[in-house]
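Encoded as structure tokens, the structure appears first; notes follow it.
Worth knowing before you read on, the calculation uses all heavy atoms, side chains too, and leaves out hydrogens, waters and symmetry mates.
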Amino acid sequence: MWTINTYNKIAEEGLNKFEPEQYSLNETDDPDALLLRSQDLQSMKFTKNLKAVARAGAGTNNIPVAACSEKGIVVFNTPGANANAVKELVLASMILAARPILDGVKWVNTLKGPDISQQVENEKKRFIGTEIAGKQLGVIGLGAIGAMVANDAYRLGLDVVGYDPYVSVDTAWTISRRVKRVHSIEEVLTHSDYVTVHVPLIKETKNLFDTQTISLMKEGAILLNFSRGELVESEAVIQALRKGRLKQYFTDFAEEALVHEEKAVVFPHLGASTSEAEINCAKIAADTVKYFLETGNIIHSVNFPTVEIAFTAPIRLAIVNRNVTNMIGQMSMELAKDAINILNIINRGRGDYAYTLIDIEELPDEQLEVVVQRIKKVTDILSVRVIRNQTNNTKEDQYGSN
């Protein structure tokens with residue numbers, strides 16, 4: 001039986017994926033996998049048995065990914081599961097920026113007297129706005145969310161330009177041909193009335209929007225950040241707002257410097273806060289963890305490559321190792337010492353680490369244990385687990401503990 005521990009409130013639709021005959025939830029201090037949303041694991045000491053951490057969401061800043069990699073722990077996220085929720089909030093923000101709806105509502109709530117209707121008619125011109133149709137939207141980052149924003153913005157009548165040098169083939173197929181792809185951020189910023197950013201937070205993108213970047217934007221443009229707060233240098237935005245360089249800044253990430261800034265609209269991290277998104281994230285996270293534990297196959301990992309092969313052999317070895325030369329040869333040699341036939345093998349590397357699946361024939365438990373222990377002793381092997389393939393019940397062997 002596999003053991004799963006959860007943090008935060010995970011939607012029942014996701015937890016129900018774990019059949020009680022094969023999985024136990026929150027019944028041990030040494031689980032096979034963790035399932036969480038925003039819980040901060042940066043200071044957590046991981047137990048020896050832990051094999052996977054799954055974030056029911058896209059960002060993994062609350063997870064010590066590098067430390068997990070070194071221990072052979074696969075970290076998963078759920079890209080695209082909350083994309084529609086974030087997309088809708090971005091589009092709503094553009095409309096709120098174009099039309100002073102929030103200011104109008106606040107003003108109406110201050111009215112008193114028997115002639116409120118007349119007061120409204122007399123003063124509604126104070127809240128004249130613009131339309132988004134015909135304006136240009138620049139989208140930086142054309143992943144799952146950025147692509148959806150770009151496509152639907154075009155359908156709302158905007159001219160859309162997008163920049164993403166790393167857009168995946170799968171995502172590229174989903175982007176409307178009406179979205180103009182450009183080759184630099186500068187091409188996006190110079191003429192766009194609205195700019196929305198949808199890139200991951202990494203060393204290269206931290207403070208992507210600083211004083212220099214903002215100076216390239218069209219004067220009076222509106223900047224939207226529903227990706228990560230640290231992508232935008234707050235002080236640079238504040239100065240641009242006060243000088244009129246930016247008309248407004250919409251963000252989903254509250255920080256003290258921005259909360260009371262007049263032209264900054266700060267939401268309380270609502271991007272994925274829909275019941276549909278929470279359910280989708282929970283279901284995908286659960287399915288991903290199950291798939292990994294039961295077959296060893298990896299998808300949606302942020303620290304290891306995608307590795308998938310059909311599991312038809314009696315036994316599968318799932319091996320995490322450093323991405324150095326001759327690792328496959330050393331693994332094969334250990335199997336060859338016992339004349340064990342390899343039925344299928346796949347190896348993929350990603351950065352400093354690699355992942356290997358080796359399917360082998362049926363072996364007695366004693367022989368299998370000896371082979372596994374030998375492989376574990378090979379230099380640069382970080383973890384080895386054994387998965388037995390049983391009809392309608394793929395079950396990890398006892399030797400799977402790292």
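- Side-chain contact check for N77 and T60: no donor-acceptor pair (N or O, by modelled atom type) lies under 3.5 Å.
- Comment: E278 engages R37 in a salt bridge, judged by a side-chain N to carboxylate O separation of less than 4.0 angstrom.
- Counting heavy atoms of neighbouring residues, nucleotides and ligands inside a 6.0 Å radius, atom CD of E361 exceeds 12 of them.
- A cation-pi contact, defined as under 6.0 Å to the ring centre and within 45° of the axis, links R316 to F311.
- In this structure, OG1 on T379 lies 11.5 Å from CG on N321, to the nearest 0.5 angstrom.
- Using cut-offs of 30° and 60° on the angle between ring planes, the pair W107 and F127 is tilted.
- At a cut-off of 3.5 Å, with distance as the only test, a side-chain donor of N122 or Q118 sits close to an acceptor on the other residue.
- Side chain to side chain, N49 and T47 fail the donor-acceptor criterion of an N or O pair below 3.5 Å.
- Sparse packing is recorded around NZ of K283, with 12 or fewer heavy atoms of other residues, nucleotides or ligands lying under 6.0 Å away.
- Salt bridge status for D338 with R374: present, with a side-chain N to carboxylate O gap under 4.0 Å.
- T211 and Q239 are not linked by any side-chain donor-acceptor pair at a separation below 3.5 angstrom, with hydrogens and angles left out of the test.
- Residues F253 and H269 place their aromatic rings such that the two centres sit under 6.0 Å apart.
- Side chains of R385 and I319 form no contact here, defined as non-hydrogen atoms less than 4.5 Å apart.
- Residues N303 and R350 have side chains that never bring a donor and an acceptor to within less than 3.5 angstrom of each other.
- Between the OH atom in Y355 and the CZ atom in F304 there is a gap of 9.0 Å [rounded to 0.5 Å].
- No donor-acceptor contact under 3.5 angstrom links the side chains of D252 and N225, judged on distance only.
- Between the side chains of E308 and Y291, at least one donor N or O lies within less than 3.5 Å of an accepting N or O.
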